[in-house]
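Following: one structure in structure tokens, then a few remarks.
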Amino acid sequence: MVALFKVLHGAVDYDTFFKSAVWSRDLTNPRQFLYAFSVAVLHREDCRGVILPPAYEVTPHMFLTTDVVRKAYQAKMTRTPMVIPMRFTGSVNNPEQRVAYFGEDVGMNSHHSHWHMDFPFWWRSEEFGEQKDRQGELFFYMHHQMVARFDAERLSNNLPVVEPLEWDQKIVEGFAPGATYENGQEFPMRPDNMNFGDLPWLTIQDMKIVEGRIRDAIASGFVKTTDAGLISLNNTAGIDLLGGLVESSARSVNPMFYGQLHNDGHVMLSKVTDPQQRYGMPPGVMEHFETATRDPAFFRLHKHVDNLFKMHKDQLPPYAASELEFPEVTIEAVKVIGTCKASTPNQLITYFDESHIDLKNAVHAEDQKQEVDIKAVVSRLNHEPFKYVITINAKKPVRGIVRVFLTPKFNWFGQQMPLDVSRWGFIELDHFPVSLQHGDNVVTRSSADSAVTIPEPRGFSQLMGDVQKSIRGEQVFTYDKYYRHCGFPHRLLLPKGKPEGMTYKLYVVVTDYDKDIVTAGMKPEEIESLPSLGYCGVMDGKIPDGKPMGFPFDRRVVSEEQFLTPNMKVVDLTIKNVKQKPIE
Ligand SMILES: [Cu+2]
């Protein structure tokens, strides 16, 4: 895949690239081609703004269940247009099924797969160009947020938060993907209570040894380099170094010594039902970026990895008041207002909607003359649009950055958590620049503008339709050179909540723009034009906000009262899950 990527990415001009792509599409393995081609499109200067069709429409087999794909074949054979409902895997006898809508969400799987395409673990900027600023920290933060979101989803469904996996303990929850590769091989199913097994090239002992070295590095605050040097971890840049080491990516400072804990964890889980490769089973869902999050074990593995990052962050000194406060700036009030008729202030509504996925690519037929419309219909979490109304008082005109976080108010036992416990489960909802005048400023911000999410992508048919219309001169086809495929689906911005309402806390923090922004001279409007900055950073150049990701809740909180300076505000809000989309 990487070799083919080099051919496509290194092609001297667009014409050579296009011809090489056409050549390789016919002659290489389809998945090899798809990956190498997609990563090349995402990284070529002359392909900026190119929109790839949604991943779940390019390879529906990787996102849908076998029954749906079979029905699509029947529809194609009998030339009967069909809309096929897809159910989530499992049954009510498995409590994990209550959160399957989250792990199996096609948009989230597509986000996860695109994150790994934008930040390939094998990326070497010396060779390929783009710098991938803070790739290791982004690896930590994006997966940290996925785990925090999953936990909030679990609490919304009366499940305790996810437990970390351990190499020598049982993987309690099994998983039956119910999906089939395009070549007809089934994704392996994992029964309950399996143990990890040694692979021919990698043992459980190897995993523990490598992890022990990482834990040593974190505890001692130093990482060993290949030339017997030491690099300090206990500073703001430490998380980036550690992220590269744990994933591991080509940025790891000592891959021989610190191994590739996270990548190997995925492989160990993927092959757990046939570790010695006796039965020739294909790889499990954990081995593909676009299928991994379906398996609850994905979140258990990532909780394990996330705990290592927490161990590191807890080594750092808590922020001093001078690092937290924004002198002469006070948040007076925060309100959250939904746009539905039934909304009351500080109460937000979620619901499940139905969406169609084009299945044309799921079925092959020689005779393409007669197009048959075949779609799958999936149920997906969504929420009513809402806005934040934040009143900020400033004693002089200043520029600020507003950071918004959400967290469940109570733990699974129904207790309120101290900030030092809850902070690690904070979900970042937004992050945006503001210009403040002297006096009271009422800042309103729409949920749709969130810096962590992307809007629903256009489906294959719609994209084709839009292009054809513009060729005929019926409409303008605009392109956005900042377009990103990576980004949490906007639908999933809010956790589900409960039918009777579930209480969350919203934390709003405003910090000093001119101190936080590291890209000199970058204007607030330019920052606003970079989509999904929060979880997906930037692919080249520098991430404008120099503060650690998750600031100021990434470090220990000693005293909650002292921590909450006047430039921060906390309010309660309720999230209610309703049966039907509310009327706007
Ligand atoms: Cu990942």
Side-chain angles (χ1 to χ4, degrees), residues 98-99 101-102 105 107-108 145-146 148-159 331 333-355 379-391 402-412 414 416-417 422 425-432 442-456 487-509 532 534-535 553 568-584:
R98 291 183 218 163
V99 284
Y101 66 86
F102 184 74
D105 187 284
M108 194 185 55
Q145 286 292 313
M146 284 181 86
R149 276 295 281 108
F150 188 58
D151 277 346
E153 226 52 68
R154 296 179 73 85
L155 292 174
S156 300
N157 291 283
N158 303 314
L159 292 172
I331 303 188
V334 171
K335 234 192 287 175
V336 179
I337 300 168
T339 57
C340 294
K341 278 211 176 104
S343 285
T344 53
N346 291 352
Q347 179 189 285
L348 298 174
I349 307 275
T350 66
Y351 58 93
F352 283 88
D353 71 9
E354 300 213 312
S355 113
S379 163
R380 311 171 313 172
L381 182 62
N382 208 334
H383 59 85
E384 64 163 332
F386 62 95
K387 60 181 181 191
Y388 312 96
V389 181
I390 307 164
T391 314
V402 178
R403 303 158 191 276
V404 187
F405 297 89
L406 184 76
T407 185
K409 184 167 182 177
F410 302 102
N411 67 11
W412 187 60
Q416 276 211 51
M417 294 170 275
S422 63
F426 275 24
I427 299 158
E428 183 175 329
L429 293 187
D430 207 351
H431 185 155
F432 57 93
V442 179
V443 175
T444 52
R445 168 87 169 177
S446 158
S447 60
D449 294 331
S450 168
V452 301
T453 62
I454 52 168
E456 240 4 74
F488 216 61
H490 185 69
R491 294 179 288 104
L492 295 181
L493 182 65
L494 295 180
K496 178 179 148 251
K498 292 183 178 181
E500 68 275 21
M502 176 169 163
T503 318
Y504 286 80
K505 277 174 151 186
L506 190 79
Y507 282 77
V508 180
V509 182
S532 58
Y535 299 166
F553 303 103
M568 305 187 196
K569 185 96 187 160
V570 199
V571 290
D572 277 7
L573 81 93
T574 308
I575 301 181
K576 204 171 164 178
N577 181 251
V578 298
K579 283 241 151 60
Q580 257 166 12
K581 184 179 177 179
I583 305 155
E584 283 183 28

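In this text the structure is predicted, and so the values were computed from the model without any measurement.
Pro499 is not listed as a side-chain neighbour of Lys576, based on a closest heavy-atom distance of 4.5 Å or more. By the 4.5 Å heavy-atom criterion applied to side chains, Leu573 and Thr503 are not counted as neighbours. At a threshold of 4.5 Å between non-hydrogen side-chain atoms, the residues Leu506 and Val334 count as touching. For the pair Arg98 and Leu159, the minimum side-chain heavy-atom distance is below 4.5 Å. Side-chain contact between Val443 and Phe432 is present, with at least one heavy-atom pair separated by less than 4.5 Å. Looking only at side-chain heavy atoms (C-beta outward), Asn158 and Lys498 come within less than 4.5 Å of each other. The shortest side-chain heavy-atom distance between Leu494 and Phe386 falls under the 4.5 Å cut-off. Residues Leu429 and Ser450 have side chains not in contact (no heavy-atom distance under 4.5 Å, counting atoms from C-beta outward).
Within a 6.0 Å sphere centred on CD of Gln580, heavy atoms belonging to other residues, nucleotides or ligands number 12 at most.
Between the side chain of Asp430 and the backbone N or O of Val404, no donor-acceptor pair lies under 3.5 Å. Formation of a donor-acceptor pair under 3.5 Å by the Thr339 side chain with backbone atoms of Pro385 is found in this model. Side-chain atoms of Ser156 come within 3.5 Å of backbone N or O of Gly497 as a donor-acceptor pair.
Nearest approach of Asp105 to Pro489, heavy atoms of both residues: OD1-CG, 4.4 Å. The two residues His490 and Ser447 come nearest to each other via the heavy atoms CE1-O, 2.9 Å. Here the shortest heavy-atom pairing between Tyr504 and Ala152 reads OH-O, 3.9 Å.
For the atom pair OG1 (Thr574) and CG (Leu348), the distance works out to 8.5 Å, reported to the nearest 0.5 Å. Between the NZ atom in Lys496 and the CG atom in Asn382 there is a gap of 14.5 Å [rounded to 0.5 Å]. With rounding to the nearest 0.5 angstrom, the CZ atom of Phe410 is 8.5 Å from the NZ atom of Lys505. With rounding to the nearest 0.5 Å, the separation of CD1 in Ile337 from CD in Gln347 is 13.0 Å. Distance check: Ser446 OG to Lys387 NZ gives 9.0 Å after rounding to the nearest 0.5 Å. Here CD1 of Ile331 is found 8.5 Å from NZ of Lys569. Values are rounded to the nearest 0.5 Å.
Relative ring orientation between Phe488 and Tyr535 is described as perpendicular, the plane-to-plane angle rising above 60° on a 0-90° scale split at 30° and 60°.
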side-chain contact (heavy atoms from CB on, under 4.5 Å), that's the test. Do Arg149 and Phe102 meet it? Break it down for me. CA-CA 9 Å; Arg149 276 295 281 108; Phe102 184 74; 3.7 Å; yes

Go through the steps to decide whether Thr350 and Asn577 satisfy the test side chain to side chain donor-acceptor pair (under 3.5 Å), and finish with yes or no. CA-CA 5 Å; Thr350 66; Asn577 181 251; 2.9 Å; yes

Please assess Tyr507 against Ser422 for the test side chain to side chain donor-acceptor pair (under 3.5 Å), listing each intermediate value before the final yes or no. CA-CA 12 Å; Tyr507 282 77; Ser422 63; 4.8 Å; no

Quick one: do Val509 and Val402 satisfy side-chain contact (heavy atoms from CB on, under 4.5 Å)? Show the steps, please. CA-CA 6 Å; Val509 182; Val402 178; over 6 Å; no

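In this view, Asp353 and Arg380 satisfy the salt bridge (charged side-chain N to carboxylate O under 4.0 Å, His left out) rule, not counting sequence neighbours.
Considering His383, Glu153, Met108 as possible partners of Leu492, the one that fulfils the side-chain contact (heavy atoms from CB on, under 4.5 Å) test is Met108.
Asn157 and Tyr101 form a side-chain donor-acceptor contact under 3.5 Å, judged by distance and modelled atom types alone.
Look at Lys409 and Asp572 and you find a salt bridge, because one of the NZ, NE, NH1 or NH2 atoms lies within 4.0 Å of a carboxylate O, short of that distance. Between Arg403 and Glu428 there is no salt bridge, since no side-chain N of the basic residue sits under 4.0 Å from a carboxylate O of the acidic one.
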